[in-house]
Amino acid sequence: MPKALVILSGGQDSTTCLYWAKERYDDVVALTFNYNQRHIREIESAKTIAKMAGVSHEIIDMGPIFAGLSPLTDLKLSIDSYKSQEDLPGGLEKTFVPGRNILFLCVAGNRAYVTGCDDMIIGVSEEDFGGYPDCRAEFIEKMEEALASGLDKRIKVQTPLVHLSKRKTVELAQSLKGCMEALAFTTTCYNGDMPPCGHCHSCLLRQKGFDEAGVADPLLAKGLQDAR
Ligand code: ZN
């Protein structure tokens with residue numbers, strides 16, 4: 001397979017996608033968006049991981065383009081905290097950022113076109129994103145169609161994690177060379193804490209996946225090490 005662009009947030013899922021892509025494509029490039037997210041530490045994670053993976057990396061600064069409504073983009077709003085995985089509410093997560101993946105895929109479509117990529121990879125997952133509508137396969141398929149029409153060139157949008165549980169995502173990461181090492185440098189926590197807060201929606205989902213896979217999370221080991 002020739003060339004692919006990976007949308008790399010600096011979190012667990014996009015990092016797994018990056019290493020998935022490295023095993024399948026001759027050439028991989030990474031793209032990160034800075035949208036003034038609360039967990040800005042993600043950007044530093046993305047830089048470190050792209051370097052570890054040995055891929056070229058572009059960061060696009062979008063400014064406060066998604067400001068408001070979500071605590072991820074409005075610092076006045078607080079991130080909900082839960083005691084345990086069982087306490088996580090169903091339905092649409094409060095952290096949903098309307099239009100985020102719509103815009104990300106549009107801009108990524110431009111970068112993929114300009115850099116001669118055949119495919120784009122995005123780490124969306126239907127099971128684990130609290131009902132985020134822009135993380136569903138149906139939406140991705142429609143975006144691919146819209147981009148193919150608007151670009152007059154089909155760039156396949158690959159979603160290796162879309163039907164995987166968090167447990168399966170951890171197991172996939174284990175099978176990819178270098179991926180577990182890179183996961184130690186990811187940022188998942190919505191609060192951007194290091195060590196991670198352990199009580200936000202994102203931390204608890206991550207923990208669930210590692211617990212169910214029976215694997216120690218390399219990020220937690222690193223967090224303890226850093227705290228010493
Ligand atoms: Zn957290």
Side-chain angles (χ1 to χ4, degrees), residues 7-19 30 32-53 59 66 70-90 93-97 100 122-125 127-132 135 161 164-174 176 178-228:
I7 299 178
L8 180 68
S9 70
Q12 176 190 357
D13 290 342
S14 65
T15 298
T16 304
C17 285
L18 179 65
Y19 281 83
T32 298
F33 296 106
N34 182 349
Y35 57 98
N36 284 14
Q37 56 268 55
R38 176 187 289 259
H39 41 319
I40 195 79
R41 179 191 284 269
E42 266 194 341
I43 310 281
E44 292 307 314
S45 288
K47 282 187 201 166
T48 304
I49 290 156
K51 203 177 274 178
M52 286 175 84
I59 300 170
F66 298 119
S70 169
L72 297 189
T73 55
D74 186 340
L75 294 178
K76 293 193 294 299
L77 303 173
S78 61
I79 297 276
D80 282 347
S81 182
Y82 307 96
K83 275 204 192 90
S84 68
Q85 294 158 16
E86 289 72 40
D87 294 335
L88 290 175
E93 238 292 277
K94 232 175 81 179
T95 48
F96 176 56
V97 179
R100 183 172 50 179
I122 183 164
V124 293
S125 164
E127 270 197 55
D128 293 322
F129 278 87
Y132 287 2
C135 289
L161 313 183
L164 299 189
S165 62
K166 275 288 185 212
R167 173 194 174 154
K168 291 277 179 202
T169 301
V170 170
E171 289 169 354
L172 173 63
Q174 277 189 301
L176 301 168
C179 189
M180 292 301 279
E181 288 79 0
L183 288 182
F185 295 89
T186 50
T187 297
T188 292
C189 181
Y190 281 154
N191 288 302
D193 290 349
M194 184 61 190
C197 80
H199 293 284
C200 71
H201 191 269
S202 193
C203 278
L204 283 167
L205 276 184
R206 177 169 175 144
Q207 191 56 47
K208 184 169 179 273
F210 279 93
D211 286 352
E212 287 177 2
V215 177
D217 185 345
L219 174 66
L220 299 183
K222 187 178 176 298
L224 287 175
Q225 217 172 42
D226 291 356
R228 271 190 207 134

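Small disclaimer: the values here were computed from a predicted structure and weren't measured.
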Please list, chain by chain and in numerical order, all residues satisfying ring-ring contact (aromatic ring centres under 6.0 Å, His included) with F96, sequence neighbours excluded. Y132
Taking all non-hydrogen atoms of both residues into account, name the closest pair between L183 and P218 and its distance. CB-CG, 3.9 Å
Listed once per pair and sorted, the salt bridge (Lys or Arg N to Asp or Glu O under 4.0 Å) pairs that draw on residues 79-88, sequence neighbours left out: D80-K94
Taking the side chain as everything from C-beta on, heavy atoms only, tell me whether T15 gets closer than 4.5 Å to M180. no
Checking S9 now: which residues fulfil side-chain hydrogen bond (donor to acceptor under 3.5 Å, both in side chains) with it, not counting sequence neighbours? S14
K51: partners by salt bridge (charged side-chain N to carboxylate O under 4.0 Å, His left out), with sequence neighbours left out: none
List the residues meeting side-chain contact (heavy atoms from CB on, under 4.5 Å) with L77, not counting sequence neighbours, and say none if there are none. P71, D74
Looking at residues at least two apart in the chain, or sitting in another chain, which of them share a ring-ring contact (aromatic ring centres under 6.0 Å, His included) with F210? none
Non-neighbouring partners of E171 that pass side-chain hydrogen bond (donor to acceptor under 3.5 Å, both in side chains), sequence neighbours left out: R167
List in chain and number order the residues that pass side-chain hydrogen bond (donor to acceptor under 3.5 Å, both in side chains) with R41, two or more places apart in sequence or in another chain; answer none if no residue qualifies. none
Would you check if L88 and H201 make a side-chain contact, meaning some heavy-atom pair closer than 4.5 Å? yes
Set of side-chain contact (heavy atoms from CB on, under 4.5 Å) partners for L220, sequence neighbours left out: P196, Q207, D217
Between R206 and T186, is there a side-chain donor-acceptor contact under 3.5 Å, judged purely by atom types and distance? yes
Across all chains, not counting sequence neighbours, the side-chain contact (heavy atoms from CB on, under 4.5 Å) partners of A53 are L18, Y19, K22, V55
What pairs with H199 under ring-ring contact (aromatic ring centres under 6.0 Å, His included), at least two apart in sequence or on another chain? none
Which residues pass the side-chain contact (heavy atoms from CB on, under 4.5 Å) test with A46, sequence neighbours left out? L8, T32, H57
